[in-house]
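Below: the structure, in structure tokens.
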2 protein chains.
Amino acid sequence: MAVSNPLRTFFPDRVFAAGCPSRTVLDHVMSKWGLLVLLALGDGEPLRWSELRRRAEGVSEKMLAQTLRTLVADGFVVRDARPVVPPHVEYSLTPRGLELAALLNPLMVWVVENAPDILEDAAAS
Amino acid sequence: MAVSNPLRTFFPDRVFAAGCPSRTVLDHVMSKWGLLVLLALGDGEPLRWSELRRRAEGVSEKMLAQTLRTLVADGFVVRDARPVVPPHVEYSLTPRGLELAALLNPLMVWVVENAPDILEDAAAS
DNA sequence: CGGCATGCTTCCCAAAAGTTAGTACCCACT
DNA sequence: AGTGGGTACTAACTTTTGGGAAGCATGCCG
């Protein structure tokens with residue numbers, strides 16, 4: 001029954017402590033918009049602000065700015081601003097961001113494949 | 001540069017549409033507490049309310065109730081309530097929940113391993 | 001000179017999350 | 001007899017967060 005779980009190496013008592021650093025990182029990375037930005041940049045191609053806005057459909061400018069600032073500070077994303085007018089800014093993943101995106105991708109694929117069934121269940125209940 | 005990305009099968013234009021069913025599922029599953037509950041139940045062992053509260057340290061009773069209701073409705077978790085006094089309720093993962101937890105685990109392991117470095121970068125900026 | 005394009009920032013309000021208190025139920029102890 | 005405690009929630013209230021729309025800086029083009 002009990003699956004061998006590598007997490008136990010880190011959490012022998014299976015308690016996820018409130019002050020744990022991983023909590024903070026999880027909040028940044030698994031946030032609604034953080035996730036979408038990482039996935040949008042996930043294939044390594046740099047994207048501009050307006051392009052990110054288009055791909056993470058529904059994101060407000062405020063949240064996109066906030067999300068990008070967090071991801072840049074955490075070292076997942078690099079911001080490359082060229083001092084031209086009109087401004088030209090490109091965002092792309094760092095090696096760390098690429099590692100994370102590689103883990104996020106299969107998850108997203110699973111979610112996309114199963115989402116219709118899941119919502120059907122949710123609607124039926 | 002561009003990594004072969006299976007997500008393109010589902011999102012040829014790489015746009016994550018606002019109304020897409022997967023968005024709803026992502027919001028449920030990647031939410032702060034939803035994630036912790038899924039990880040806590042991830043090894044297949046059923047847990048009681050109070051035990052879940054202990055493991056997802058910091059969760060309020062309101063949010064735990066709300067999170068569990070969502071996860072049950074989505075078919076990730078089963079709620080098994082025995083009509084005894086004091087009440088005894090057990091929560092465990094469905095097969096679907098186990099599939100998802102299996103994808104979440106490597107992600108969590110990566111986050112735990114890298115969290116200290118990431119926060120160090122964040123603090124330095 | 002006035003409009004436009006781009007990448008943000010600021011302000012205000014609605015929605016979500018957190019906090020605290022209360023409920024139902026029966027048992028055990030005083 | 002009554003008091004308190006353990007369990008799993010729910011309800012009312014407050015604080016935090018997120019969304020929407022507008023503003024700003026800059027220079028080019030008509």
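Sequence lines set the chain letters: A, B, ... in the order given, protein chains first and strands last, and positions in each chain run from 1. Computed from a predicted model, the values in this text were never measured in an experiment.
- A:R79 comes within 4.0 angstrom of the backbone, heavy atoms only, and of no base.
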message: Quick one, B:I118 with A:F76, criterion side-chain contact (heavy atoms from CB on, under 4.5 Å). Give me CA distance, side-chain angles, the key distance, then yes/no.
response: CA-CA 9 Å; B:I118 293 166; A:F76 293 117; 3.5 Å; yes
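- Side-chain proximity of A:M63 to D:dT7, C:dG18, D:dG18: nearest is D:dG18.
- If you check D:dG19, C:dT6, C:dG22 against the side chain of B:E61, the one that comes closest is C:dG22.
- Judged by closest nucleotide on DNA chain C, A:P87 is the one of A:P87 and A:A65 placed further toward the 5' end.
- Contacts of A:R53 with the nucleic acid, taken as non-hydrogen atoms under 4.0 Å apart, are absent.
- The side chain of B:R48 has D:dA8 as its nearest neighbour among C:dC8, D:dA8, C:dT10.
- No contact: B:R82 has no heavy atom under 4.0 Å from any strand.
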Using a 3.5 Å cut-off and no angle test, enumerate the donor-acceptor pairs between side-chain atoms of residues 61-70 of chain B and protein atoms at least two apart in sequence or in another chain.
unit_1 : atom_1 : unit_2 : atom_2 : d
B:E61  : OE2    : B:R53  : NH1    : 2.9
B:T67  : OG1    : B:M63  : O      : 2.6
B:T70  : OG1    : B:Q66  : O      : 3.0

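- For the helix from C:dC1-D:dG30 to C:dT30-D:dA1, the terminal axes (five pairs an end, C1' atoms, rotation from four pairs onto the next four) enclose an angle of 30°, given to 10 degrees.
- Listed nucleotides C:dG7, C:dT10, D:dT10 differ in distance to A:K62; the shortest reach to its side chain belongs to C:dT10.
- The residue B:S50 sits close only to the backbone: its heavy atoms come under 4.0 Å of sugar-phosphate atoms, none of a base.
- Rounded to whole angstrom, the span from the CG atom of B:L68 across to the P atom of D:dT7 amounts to 17 Å.
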- request: Give the intermediate values and the outcome of salt bridge (charged side-chain N to carboxylate O under 4.0 Å, His left out) for residues A:R96 and A:D74.
  value: CA-CA 9 Å; A:R96 179 186 286 164; A:D74 286 350; over 6 Å; no
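- Out of D:dT10, D:dG19, D:dA8, the shortest distance to the side chain of B:R69 is found at D:dT10.
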Contacts under 3.5 angstrom, residues 81-93 of chain A side chains, donor-acceptor by atom type, not counting sequence neighbours:
unit_1 : atom_1 : unit_2 : atom_2 : d
A:R82  : NH2    : A:E90  : OE1    : 3.4
A:H88  : ND1    : A:R48  : NH1    : 3.2
A:H88  : ND1    : A:R48  : NH2    : 3.4
A:Y91  : OH     : A:R79  : NE     : 3.3

